[in-house]
Structure formats: C-alpha cells, structure tokens
Amino acid sequence: MIAFVSGQVAALAPTLAVIEVGGVGMAVQCTPNTIAGLRIGDPARLATSLVVREDSLTLYGFADDDERQVFELLQTASGVGPRLAQAMLGVHSPDALRLAVSTGDEKALTAVPGIGKKGAQKLLLELKDKLGAPLGASGLVGAQRAVAAGPAPWTEQLQAALIGLGYAARDADEAVSAVTPQAEEAIAAGGSAPVPQLLRAALQSLNRAR
C-alpha cells in the first residue's frame, strides 16, 4: 500500500493533483477541499489510499491520515465504493460525518450527490459503530453555524480551489458570485452547498467568459 506521497505539485485539476515523486508524476484523486490547499510548484504531502481493480490502479489523496481512515471506513458499508466515499468527504469533513452518523442526521447524508433517503438510512445503521465520535469541535453543528454567520465556508473553499488552479483572485470572486444562487438554493432546501458541483459550475462560467 502507498501510505503517502510527498513531492512538488506538478499539476492541478478540479479533482486531480499530480505530485512529482522521484522524477515520476503520481496522479492522485482528491476532493476540491484538498485541491484548494495545494499550489503548483509548492511541496506537498498527501496521505493516500490505493484502490486496486482488475482494470485499474487508482490513488486517492487526502489532507491528513484521519481523512484517509474515514475514507476507508466508509467503504466497509455496503454499496459505498471509493468514488462515493470521496464524494462524502467532498461535502463533509471527517468530524462532520462522525457527528452526522452519531446523531442519525439523515439530511446531512442526503446532501451528498448519489445518496437518497433510503441510502442514508442504511448508511446510518451500518456506520453507527464504525466511525466513532467527533474528534474535535469542527463538526456539523459548527459548520452550520458558520454558514449562518459571516462568509460561508463554501465560498472560501471554492475561491481557494480556483486560485489553486491558477485563476486570478478577481476571476475567482466573479465565478463564486455566478454560482451563489445555485448554492443558496441547495442550502434553502435543507442541505449544504455542494462544493464539487459548484466548482465544476464555476469553471464552466470562467470558460464561457474567456
């Protein structure tokens, strides 16, 4: 197993980072939140999980070991593969997922693309004794309060991701403004701002503006 990769960031895409390790470019699948913390040319260290399939080897990268551990635990639930596990971490932090499972917060799980009401109920049952209690104070309740007061965390995540991809701060601000109605609609429906989808929409708006 490849436990981590460490090296210079050679390239970035919305959900992919290329890390140069010993002269070899390692393609690592990451959430937009993780991508937002990387800069091309800067050194980086990502915890990783290698997923082996008959026709592919895919390396998934995470900001820290805790996120990787949660990624692997999520896949012990039936019907959860690496892509869905990564999508869950793209919407919620590890502690937010722990809090959602420990409190039976069905709505938090249905905020993840690909998880419906029945799927959320099943996941709550299967993961209840696996994820454990939140490790810190940055759980779901704190995230919800942050949305209500001051700049929404999703705007900061999205802006940082766009800047990390090489866009100017002004262009990033305009792209965030363009997708704000979409985010507000999701929040008004009782969910959370879907950062991965918002990032794709923001990139589309930037491409149209060119």
Side-chain angles (χ1 to χ4, degrees), residues 1-51 56-72 74-75 82-97 112-113 135-136 138 143 146 151-179 183 192-207 210:
M1 175 183 176
I2 302 175
F4 69 89
V5 296
S6 179
Q8 189 178 68
V9 180
L12 292 172
T15 58
L16 180 77
V18 178
I19 309 296
E20 184 178 344
V21 181
V24 177
M26 304 287 285
V28 187
Q29 297 288 330
C30 304
T31 66
N33 294 344
T34 300
I35 294 291
L38 304 176
R39 296 290 183 274
I40 293 175
D42 286 355
R45 183 185 187 279
L46 296 176
T48 57
S49 179
L50 180 64
V51 176
S56 66
L57 294 173
T58 306
L59 199 59
Y60 290 84
F62 310 93
D64 54 41
D65 292 336
D66 181 44
E67 194 172 75
R68 177 186 61 196
Q69 182 181 21
V70 171
F71 170 79
E72 293 174 348
L74 290 172
Q75 292 177 73
R83 290 187 180 278
L84 183 56
Q86 190 178 52
M88 294 172 75
L89 286 166
V91 175
H92 299 299
S93 69
D95 260 5
L97 285 172
V112 178
L135 301 180
S138 58
W154 71 265
T155 61
E156 297 171 5
Q157 294 169 12
L158 192 56
Q159 185 181 45
L162 291 168
I163 292 174
L165 289 170
Y167 290 96
R170 179 179 178 180
D171 292 334
D173 287 340
E174 291 177 356
V176 169
S177 297
V179 300
S192 58
V195 175
Q197 291 93 317
L198 292 173
L199 179 57
R200 285 193 288 270
L203 289 171
Q204 289 172 359
S205 72
L206 286 167
N207 290 335
R210 287 183 173 181

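Nearest heavy atoms, Leu12 versus Ile35: CD2-CD1, 4.2 Å. Val91 and Pro113 get closest at one heavy-atom pair: CG2-CD, 4.0 Å. Smallest separation of non-hydrogen atoms from Ala47 and Asp65: CB-OD1, 3.4 Å. Considering every non-hydrogen atom in both Leu38 and Ala17, the closest pair reads CD1-CB, 3.8 Å. Of all heavy-atom pairs between Ile40 and Ala10, the closest is CG2-O, 4.0 Å.
To the nearest 0.5 angstrom, Met88 atom CE is 4.5 Å from Leu74 atom CG. Note that the CG atom of Leu198 and the OG atom of Ser205 stand 10.5 Å from one another [nearest 0.5 Å]. In this structure, the separation between CG on Asp66 and CG on Asp64 is 5.5 Å, given to the nearest 0.5 Å. Gln159 CD to Ser177 OG: the interatomic distance, rounded to the nearest 0.5 Å, is 9.5 Å.
Side-chain contact between Glu67 and Tyr60 is absent, with no heavy atoms from C-beta onward closer than 4.5 Å. You'll find the side chain of Leu46 reaches within 4.5 Å of the side chain of Cys30, heavy atoms only. Taking the side chain as every heavy atom from C-beta outward, Pro94 and Phe71 never approach each other to under 4.5 Å. Side chains of Gln86 and Leu89 form no contact here, defined as non-hydrogen atoms less than 4.5 Å apart. Counting heavy atoms from C-beta outward, Val18 and Val9 have side chains that stay 4.5 Å or more apart. With contacts defined as side-chain heavy-atom distances shorter than 4.5 Å, the pair Ile2/Leu59 qualifies. Inter-residue side-chain proximity for Pro14 and Leu203 is flagged as met; some heavy-atom pair is nearer than 4.5 Å.
A cation-pi geometry, defined here as NZ or CZ lying under 6.0 Å from the six-membered ring centre and within 45° of its normal, holds between Arg45 and Phe4.
A donor-acceptor contact shorter than 3.5 Å is absent between the side chain of Glu20 and the backbone of Gln8.
Under the side chain to side chain donor-acceptor pair (under 3.5 Å) test applied with Ser49, the options Gln75, Glu72, Gln29, Arg68 reduce to a single match, Glu72.
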ask   = Between Leu158 and Leu199, is a side-chain contact (heavy atoms from CB on, under 4.5 Å) present by the stated rule, with each step listed?
value = CA-CA 6 Å; Leu158 192 56; Leu199 179 57; 3.7 Å; yes
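At a threshold of 4.0 Å, the pair Arg170-Asp173 does not count as salt-bridged, since none of the basic side-chain nitrogens sits closer than that to a carboxylate oxygen.
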